[in-house]
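Have a look at the structure below, then the notes.
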Amino acid sequence: MRDTVLGLRWLLPILLLVLSSCRGGDSQTVHKSTQFLMGTIVEVAVVAPPQTAKASIHAVFEELKRVEDLTSFHKPSELSRINDSAGRGSIRANPEVFNLIKQALKFAELTGGAFEPTLGPLSKLWNFSGESEARVPEPHEVREALAKTGFQRIRVDVASQTLTLPESGMSLDLGGIAKGYALDRARAVLQDAGVSGALVNAGGDILAMGEKGPGKPWRIGIQDPRIPRGIVAVASVKDKFIVTSGDYERFIEKDGTRYHHILDPTTGYSARGLQSVTVIAPSGVAADALSTAVFVLGAEKGLKLIESTPDVEALIIDSMGRQFRSSGAATMIEIQG
Ligand code: ADP
Ligand code: MG
């Protein structure tokens, strides 16, 4: 899809900045490798001796592939098996996917439904992350798809690890949280391998593990949503997940209107009012789900949500290009002049 490719090209400045942050006079060497996974370019950089670095980078890519095979919406996966059961009674889910769905439903509740993991019918209609072209659907199609959404309708039985999607055509799309989960798993794999410093960048969803060097935080460029290769801010972080949701990542334009992949669950159309939201959090799932949710909520309600969530900070850029930082973000995120 042409616009997706365009979106990916925009990610390059961030990748380059990350790469340059890995050089310098550190005594430990940084090893890097890149693969196309989860629909995006994934770059892994590890600070470790060569053998450990090579093995741990391989293990991270294997783990990301494994998570993708469990959670993919468009390709056959454990998630698509669950979605196929809609309207046909309850289904016993793989425990890991079951837990991820439970977490997604928790974020749906926390965000008053701004994060909505049951948007599958709309994702199919808009097709922003499918292999064929995205398109602007007819209003009646949007209405019909919307009628098959709603996180409160998903039944979860913890004792039997079963899920029920009560209506045929309902489906879960974990696209707003799966990459964050994959980054959580990447951190676990790196920890098991004895690595203490690493940077994993999955198309702008980033794990900054440990430090770049003793006493040196990782420095992450936050992309200008409207200027390719432009950086609006730099975050200095240690042991954090830093995830950006933007309207420039996957979009199409029709009659002068930009339609992008973050949907307002109340309308079924792209969420309006913001250009990008960057969230810094101690877990990947929180950073990912909250960046999507804040994008839907808008600057005012989004900032309130961030302020009420401990250990989470954000930088929000609205449709006028105005920037809003949460109160704790000032020490972490430096705005570029
Ligand atoms: P990206 O995947 O580009 O990093 P996000 O984390 O913001 O961006 O997730 C967007 C994806 O999440 C969409 O492609 C879709 O699969 C799904 N999605 C879209 N709107 C919502 C929403 N309101 N709540 C939860 N998931 C959403
Ligand atoms: Mg997200």
Side-chain angles (χ1 to χ4, degrees), residues 1 3-4 6-8 10-11 14 37-42 68 71-75 79-80 83 100-101 103-130 134 142 145-146 149-151 154 171-184 201-207 223 225 241-252 259-281 283-298 302 312 314 316:
M1 190 169 65
D3 294 304
T4 304
L6 177 77
L8 290 176
W10 281 42
L11 296 170
I14 291 187
L37 274 174
M38 304 186 293
T40 193
I41 299 163
V42 181
E68 184 178 17
T71 61
S72 177
F73 179 74
H74 290 281
K75 292 188 235 162
L79 182 71
S80 57
N83 285 338
L100 182 59
I101 291 170
Q103 291 200 68
L105 294 169
K106 189 194 80 183
F107 281 108
E109 217 147 273
L110 177 80
T111 62
F115 183 81
E116 173 52 275
T118 68
L119 294 184
L122 286 155
S123 309
K124 263 189 213 135
L125 257 191
W126 287 96
N127 197 35
F128 283 110
S129 43
V142 173
L146 260 184
T149 65
F151 72 94
I154 305 296
S171 62
L172 295 160
D173 175 2
L174 299 179
I177 194 170
K179 267 195 276 169
Y181 177 67
L183 291 178
D184 283 330
N201 184 346
D205 289 17
I206 295 168
L207 157 64
Q223 188 171 329
F241 294 81
I242 168 161
V243 171
T244 300
S245 288
D247 69 354
Y248 55 89
E249 291 171 325
R250 294 170 194 271
F251 66 91
I252 47 173
Y259 297 92
H260 62 82
H261 72 318
I262 303 164
L263 301 176
D264 182 337
T266 61
T267 64
Y269 286 85
S270 306
R272 298 287 170 212
L274 300 184
Q275 294 178 351
S276 83
V277 175
T278 300
V279 171
I280 301 178
S283 89
V285 286
D288 199 1
L290 291 173
S291 69
T292 307
V294 170
F295 197 103
V296 171
L297 288 170
V312 175
I316 298 174

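Order of appearance sets the numbers: ligands from 1, and atoms from 1 within every ligand.
Heavy-atom proximity to K179, at under 4.0 Å, picks out these atoms of ligand 1: 1 (P), 2 (O), 4 (O). Near V296, with a cut-off below 4.0 Å to any heavy atom, the atoms of ligand 1 are 23 (N).
Between P265 and L146 the shortest heavy-atom distance is O-CD2, 3.3 Å. Closest of all the heavy-atom pairs between A182 and M38 is CB-SD, 3.7 Å.
When only interatomic distances are considered, the shortest N/O to N/O separation between S123 and ligand 1 does not fall below 3.5 Å. In terms of polar-atom proximity, G176 is counted as a contact of ligand 1, with an N or O under 3.5 Å from an N or O of the ligand. Geometrically, ligand 1 and I262 share no nitrogen or oxygen pair separated by less than 3.5 Å. For ligand 1, the polar-atom distance check finds no N/O of R250 at less than 3.5 Å from any of the ligand's N/O atoms.
Under a cutoff of 6.0 Å and an axis angle of 45°, R272 and F295 do not form a cation-pi pair.
Contacts between E249 and ligand 1, counted as non-hydrogen atom pairs separated by less than 4.0 Å, involve the side chain only. Using a 4.0 Å cut-off between heavy atoms, D205 contacts ligand 1 through its side chain alone, with no backbone atom that close.
Among protein heavy atoms, atom 16 (O) of ligand 1 sits closest to D173 OD2, 2.6 Å. Scanning the protein for heavy atoms near atom 7 (O) of ligand 1, the closest one is S245 OG, 2.6 Å. Closest to atom 27 (C) of ligand 1, if we only count protein heavy atoms, is T292 CG2, 3.9 Å. Scanning the protein heavy atoms around atom 24 (N) of ligand 1, the nearest turns out to be E116 N, 2.9 Å.
By the criterion of a separation under 2.8 Å, the protein N/O/S atoms near the Mg ion (ligand 2) amount to G176 O, D288 O, D288 OD1, T292 OG1.
Here the straight-line distance linking atom CD1 of I206 with atom OG1 of T244 works out to 7.0 Å at 0.5 Å rounding.
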